[in-house]
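See below for the structure under consideration.
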Amino acid sequence: MAKKSVATLQTGSKRLTKAIKMVKSPKTGAYIFVETITAPELVNDWLSKQK
């Protein structure tokens with residue numbers, strides 16, 4: 001199960017996107033949030049990858 005949250009950040013001339021993915025921990029079964037800041041073109045690739 002994945003929850004997707006995407007925010008667009010602008011720093012000077014670069015456009016960056018902060019993506020947050022909710023991932024279930026294999027050890028405890030609890031959900032954790034994994035964050036990254038990447039280029040907008042790479043967000044879908046990052047979200048589709050398994051942890």
Side-chain angles (χ1 to χ4, degrees):
M1 176 175 204
K3 179 179 179 181
K4 179 170 104 172
S5 176
V6 176
T8 302
L9 308 172
Q10 291 188 357
T11 57
S13 62
K14 294 183 181 179
R15 273 191 68 221
L16 299 174
T17 301
K18 179 177 182 179
I20 304 170
K21 180 169 44 171
M22 188 169 73
V23 180
K24 189 170 186 174
S25 172
K27 287 184 178 179
T28 62
Y31 286 96
I32 57 173
F33 293 94
V34 180
E35 299 181 14
T36 188
I37 297 177
T38 61
E41 301 84 30
L42 304 174
V43 172
N44 288 332
D45 295 335
W46 182 79
L47 288 171
S48 65
K49 288 193 312 188
Q50 290 291 330
K51 183 182 175 190

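Note that these values count all heavy atoms, side chains included, but never hydrogens, waters or copies made by symmetry.
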Check your understanding: Do you reckon Y31 sits in the same ILVMFWY cluster as I20, going by side-chain contacts under 4.5 Å, direct or chained?
Key -> yes

Point to revise | Heavy-atom closest pair, residues R15 and P40 | key: O-CD, 3.4 Å

Check your understanding: Do L47 and V34 sit in the same hydrophobic cluster, where Ile, Leu, Val, Met, Phe, Trp and Tyr count as joined when their side-chain heavy atoms come under 4.5 Å apart?
Key -> yes

Check your understanding: Partners of E35 by side chain to side chain donor-acceptor pair (under 3.5 Å), sequence neighbours excluded?
Key -> K18

Exercise for review: Can you tell me which residue pairs pass the salt bridge (Lys or Arg N to Asp or Glu O under 4.0 Å) test with a partner in residues 37-46, sequence neighbours excluded?
Suggested key: none

Check your understanding: Given side chains that start at C-beta, do those of W46 and T17 come closer than 4.5 Å, heavy atoms only?
Key -> no

Exercise for review: Look at the side chain of K21 and the backbone N and O of K49, then say whether any donor-acceptor pair between them is shorter than 3.5 Å.
Suggested key: yes

Practice item. Measure the OG1-CG distance between T38 and L16 for me, rounded to the nearest 0.5 Å. Key: 8.0 Å

Point to revise | Reported CZ-to-CE distance for the pair F33 and M22, which is rounded to 0.5 angstrom | key: 5.5 Å

